[in-house]
Every structure is written in C-alpha cells, then in structure tokens.
Protein chains: 2
Amino acid sequence: MLVQKSVKKNVKGSVRQANYGKIIKAAVTVFATKGYQGATVQEVAEKAGLPKANVLYYFKSKQGIYEAVLSDILSLWNSSFDHATAQDDPAVALSRYIREKLEISRTYPEASKIFAMEMIKGAEQLSDEIKAGMVSWFQSRIAIIQQWIQDGKMANVDPAMLMFQIWATTQHYADFSAQISILKDGKMLNKKGFQDVGDYLCRSILSSCGLKVPE
Amino acid sequence: MLVQKSVKKNVKGSVRQANYGKIIKAAVTVFATKGYQGATVQEVAEKAGLPKANVLYYFKSKQGIYEAVLSDILSLWNSSFDHATAQDDPAVALSRYIREKLEISRTYPEASKIFAMEMIKGAEQLSDEIKAGMVSWFQSRIAIIQQWIQDGKMANVDPAMLMFQIWATTQHYADFSAQISILKDGKMLNKKGFQDVGDYLCRSILSSCGLKVPE
DNA sequence: GTCTATATAGCGATAGAC
DNA sequence: GTCTATCGCTATATAGAC
C-alpha cells in the first residue's frame with residue numbers, strides 16, 4: 001500500500017502516516033462497493049475509525065481521496081510485463097503476464113473494480129498524467145509484440161486485440177465476481193479455482209498466438 | 001426497446017407509452033454515464049423532455065426507474081445461443097454467439113455498462129427473479145456444452161470458463177470503450193473494427209476448443 | 001393526467017473551540 | 001492536530017392547484 005509522505009517532520013509523522021493508510025484502505029473498499037457518487041466521506045471515516053472532519057483534514061475533499069486511491073492502485077499494478085523485451089520468449093512472457101494479472105484480480109479485486117467503474121463511466125476523473133502513462137506503456141508493449149511477430153516467434157495477431165483479450169479475461173474474475181458467485185450457487189472461486197483459470201487462459205490465449213504453454 | 005403496457009385503456013394510452021419509452025431511453029444514458037447514485041431524476045427528466053415530477057409520476061421512485069431499465073436491458077439480450085441444442089454444431093453455435101454478443105456491445109454499449117456496474121457493485125439491486133433466470137439459463141447452456149464434449153464434438157474445456165471468456169472478451173469492447181479510445185489516440189472502433197475483433201475472437205476461442213471457424 | 005412549489009433528508013465542506 | 005457543531009446545497013419525493 002502506497003503511503004504518501006508527511007511534509008512535516010514532527011513526532012506525529014507516524015500518526016499521520018498511519019491515518020493516511022487507514023483512510024486509503026477504507027476508501028478503496030467503499031469506492032469499490034458504492035462507486036464514486038455512492039461513497040460518502042462519513043462511511044470512509046467510520047471504516048477508518050476516524051471522525052469525518054479528520055478525513056477531510058488529511059484529504060481536503062472527497063475528490064482528493066479518490067485521486068489518492070487511484071494512484072495508490074496504480075502502484076500495485078506493476079508487473080513483469082513492464083520489463084519484457086523483444087529478446088524474451090513470448091510464450092514465457094505472455095503466460096507470466098496472464099498469471100500475474102489473474103493473481104492481482106484475486107488479491108486486489110477492489111482495485112480492479114474501482115478502475116473498471118472509472119473506465120465504464122468514461123474515465124473523466126482520470127488525470128491526463130495517468131492517461132499519458134497508460135498510452136506510453138501500451139505503445140511500448142505493442143511494439144515488442146510486433147517485433148516478436150516480425151521475428152517469427154509467434155503468429156501474426158493484432159497486438160492490441162491480444163492485450164485487450166488478456167485484460168478482459170483476467171479482470172473479469174475480479175470485476176464480475178458477484179456474477180460468478182451467483183452462477184456458481186454462491187461459491188466464490190478459491191485459490192485452486194484461480195489456478196485452473198490461469199491454466200485455461202494461458203492455453204487458450206497462447207494457442208491462438210501459435211505458442212505452447214512453457215514446461 | 002421494451003415498453004411496458006398501460007394498465008388503463010384510455011385514449012391517452014399512447015401518450016403514456018411514449019413517455020415510458022422516452023424516460024427509459026433517457027435513463028439508460030444517464031445511468032450508464034453516471035452510475036446509479038450519480039444519476040439524478042432531474043437529468044433523466046431533462047433528457048426525456050419532461051418535468052421531473054412527471055417522471056416520478058410514471059415511475060414512483062428512482063429505484064423504480066432503475067429496475068425498469070434493468071429489465072428493459074434483459075429483453076435486448078436474447079440471442080441465438082438461447083436456442084442452441086446438443087444437436088447443433090458447436091463451431092457454428094459458438095461463433096454465432098460470439099459475434100452476436102459483440103454486435104450487442106457495439107449497438108447497445110450503455111446497456112452493457114449498466115449491467116457491468118451493477119455486477120461490480122455486488123448485484124445488490126438485482127432482483128432474485130432476475131438472478132434465478134440467469135442461473136437457469138447458464139446451467140442449461142453449460143449442459144449443452146458438456147454434451148458436445150461428451151459427443152467428441154469439441155475439446156474438453158471447462159464450459160463455465162468458456163462462457164466467462166466469451167462474455168469478458170465481447171463485453172470488454174462496450175464497457176472499456178473509454179480505455180480503448182484513450183489507447184488508440186481518441187479513435188473509436190468503427191463497424192469494420194468490430195468485424196476484425198469478431199474474426200479474431202472467433203479464431204482464438206474456437207481454436208482453444210479444438211474447433212475451426214466455419215466457412 | 002400534468003405541473004409548480006415545497007417538504008424533508010443527507011451530502012460535502014468548514015468554522016472555531018480545545 | 002483533533003473534533004463538535006453547523007452551514008449551504010442538492011437530492012428525492014410529494015402535496016395540491018390546475
């Protein structure tokens with residue numbers, strides 16, 4: 001969990017840090033289950049164990065809390081695929097990425113949900129800085145996949161469609177967990193269930209790239 | 001667009017029907033872009049071209065409008081897969097279903113978004129009746145896929161994972177259109193773009209089922 | 001059936017005592 | 001730095017004139 005640094009170097013610095021953390025953690029849960037408009041500062045405060053006014057003392061507005069939550073989430077989403085290169089084996093790099101994305105869906109489903117809702121509503125509260133970061137990351141990953149294709153390491157698939165396919169299928173297990181639970185008679189997917197999904201998705205996605213799942 | 005029947009058989013029935021339709025249509029747009037809590041009856045009324053009080057005269061509460069929108073959406077989501085049987089060719093049935101789901105994402109992205117948000121937030125506003133309908137539909141489709149597998153018509157893949165994969169990948173193009181637009185430099189996917197996605201997804205999903213895309 | 005005017009409640013945000 | 005009390009606003013919902 002990313003915790004913003006205190007500007008003042010007083011003895012209460014640790015209190016500030018702890019409160020920041022508590023507020024962010026509470027806010028993630030509330031925003032994920034209620035959405036931005038449905039969330040209330042009061043509920044965040046209760047979950048964090050602080051009076052509402054204190055929450056608005058640390059973050060001066062509800063919008064401020066939300067923005068802090070969004071950047072906190074981003075810090076969780078680093079993956080091995082960030083450092084993939086054209087020299088890597090696409091089968092290894094892609095299957096690792098699929099499994100990592102799925103693991104994030106399992107361990108931080110709320111983060112995935114908040115981002116999903118932000119996108120669904122049109123990403124209007126997403127800062128230009130974050131958007132620019134997404135674009136440059138995406139373009140560099142696309143370039144690597146294109147190089148793999150040129151080098152004959154994998155089949156000629158549209159790299160953007162491949163990325164969207166990976167995101168859609170892995171995030172689905174976080175975002176639509178309620179639907180999965182309904183359809184599976186209330187049973188949530190456990191760790192073993194996610195392992196099976198990972199095996200399935202790797203086989204499926206890699207096979208359409210003309211690749212075999214490593215080992 | 002499903003339009004609820006007037007209970008009274010008066011001469012104004014057509015006015016009532018027209019207003020119902022206008023309100024639902026407006027509400028779909030507002031709920032999709034703002035979420036349930038973010039939507040206001042005022043905005044729905046403005047989009048529908050009616051005074052706010054009239055909207056609350058037809059539907060007695062905001063919740064009532066929302067429920068009407070949800071059931072209206074469901075009526076849009078009938079597909080050829082509803083009537084697929086164990087006698088059908090899985091390659092034909094699945095590829096048709098994928099293309100239909102994708103076409104719905106293209107033509108009714110707002111409906112997909114409203115449902116996605118409802119699921120993300122935990123489906124707490126979804127009626128038990130709707131949930132039960134989803135479960136029975138799902139189980140019957142799973143049974144058909146299992147029969148196809150038993151009959152050796154397709155590879156042994158988990159039918160539930162296959163369904164989730166189809167939903168995730170097709171709905172992604174509606175729900176995450178803002179993200180796609182950001183990453184593709186503001187360019188929205190046109191009809192041709194969706195055609196390409198359909199080709200890609202059919203190839204990919206069918207190949208992991210050991211099937212070939214028909215003709 | 002339709003619309004204006006309003007009751008009521010809950011929100012984000014702040015002022016000011018401690 | 002912390003908390004109580006409250007302001008000002010906006011939302012849903014309704015009462016009642018037409």
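Heavy atoms only: backbone and side chains are in, while hydrogens, waters and symmetry mates are out. Owing to the predicted nature of the structure, the values given are computational and were not obtained by experimental measurement. Order of the sequence lines sets the chain letters (A, B, ...), proteins ahead of strands, with each chain counted from 1.
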Exercise for the section: Return the value, rounded to whole Å, for the distance between atom OH of A/Y36 and atom P of C/dC11. Expected result: 14 Å
Completion exercise
Considering only heavy side-chain atoms of B/L56, the closest of C/dT2, D/dA13, D/dC3 is D/dA13
Exercise for the section: Return the value, rounded to whole Å, for the distance between atom NZ of A/K52 and atom P of D/dT4. Expected result: 12 Å
Practice task
Please lay out, stage by stage, how A/Y66 and A/E118 fare under the test side chain to side chain donor-acceptor pair (under 3.5 Å).
Solution key: CA-CA 11 Å; A/Y66 187 64; A/E118 178 61 24; 2.6 Å; yes
Practice task
Nearest whole angstrom, please: distance from the P of C/dT2 to the CZ of B/F59.
Solution key: 13 Å
Exercise for the section: Examine D/dC3: is either OP1 or OP2 under 4.0 Å from a nitrogen or oxygen in the side chain of A/N54? Give yes or no. Expected result: yes
Problem - Residue B/T40, side-chain atoms from C-beta onward, closest of C/dG12, D/dT2, D/dA11 - result: D/dA11
Practice task
Using a cut-off of 6.0 Å, state whether more than 12 heavy atoms not belonging to A/D185 lie near its atom CG.
Solution key: no
Fill in the blank from the handout: Against the side chain of A/A53, the closest entry in D/dC3, C/dG12, C/dC3 is D/dC3
Problem - Residue from B/S105, B/S95, B/S80 passing side chain to side chain contact (heavy atoms under 4.5 Å, CB included) with B/E100 - result: B/S80
Exercise for the section: Would you mind classifying the nucleic acid contact of A/A45 as base, sugar-phosphate or nothing, using non-hydrogen atoms under 4.0 angstrom? Expected result: nothing
Practice task
Nearest whole angstrom, please: distance from the C1' of C/dG12 to the NZ of A/K34.
Solution key: 16 Å
Problem - Any donor-acceptor N/O pair, B/Q37 side chain to A/A39 backbone, under 3.5 Å - result: no
Practice task
Please state how far atom CD in B/E46 lies from atom C1' in D/dA11, giving the value in whole angstrom units.
Solution key: 13 Å
Exercise for the section: May I ask you to evaluate whether B/Y58 reaches the phosphate of C/dG1, defined as a side-chain N or O under 4.0 Å from OP1 or OP2? Expected result: no
Practice task
Name the orientation class of the two ring planes belonging to B/Y173 and B/F194 (parallel below 30°, tilted from 30 to 60°, perpendicular beyond 60°).
Solution key: perpendicular
Handout entry: Interatomic distance where NZ belongs to A/K60 and P belongs to D/dG1 [whole Å]
Key = 16 Å
Practice task
Check whether any side-chain N or O of A/Y57 sits under 4.0 Å from OP1 or OP2 of D/dG1, and answer yes or no.
Solution key: yes
Practice task
Using atom CG of B/L50 as one end and atom P of C/dT2 as the other, report the distance to the nearest whole Å.
Solution key: 9 Å
Exercise for the section: Would you kindly give the NZ-to-P distance between B/K62 and D/dT12, to the nearest whole Å? Expected result: 5 Å
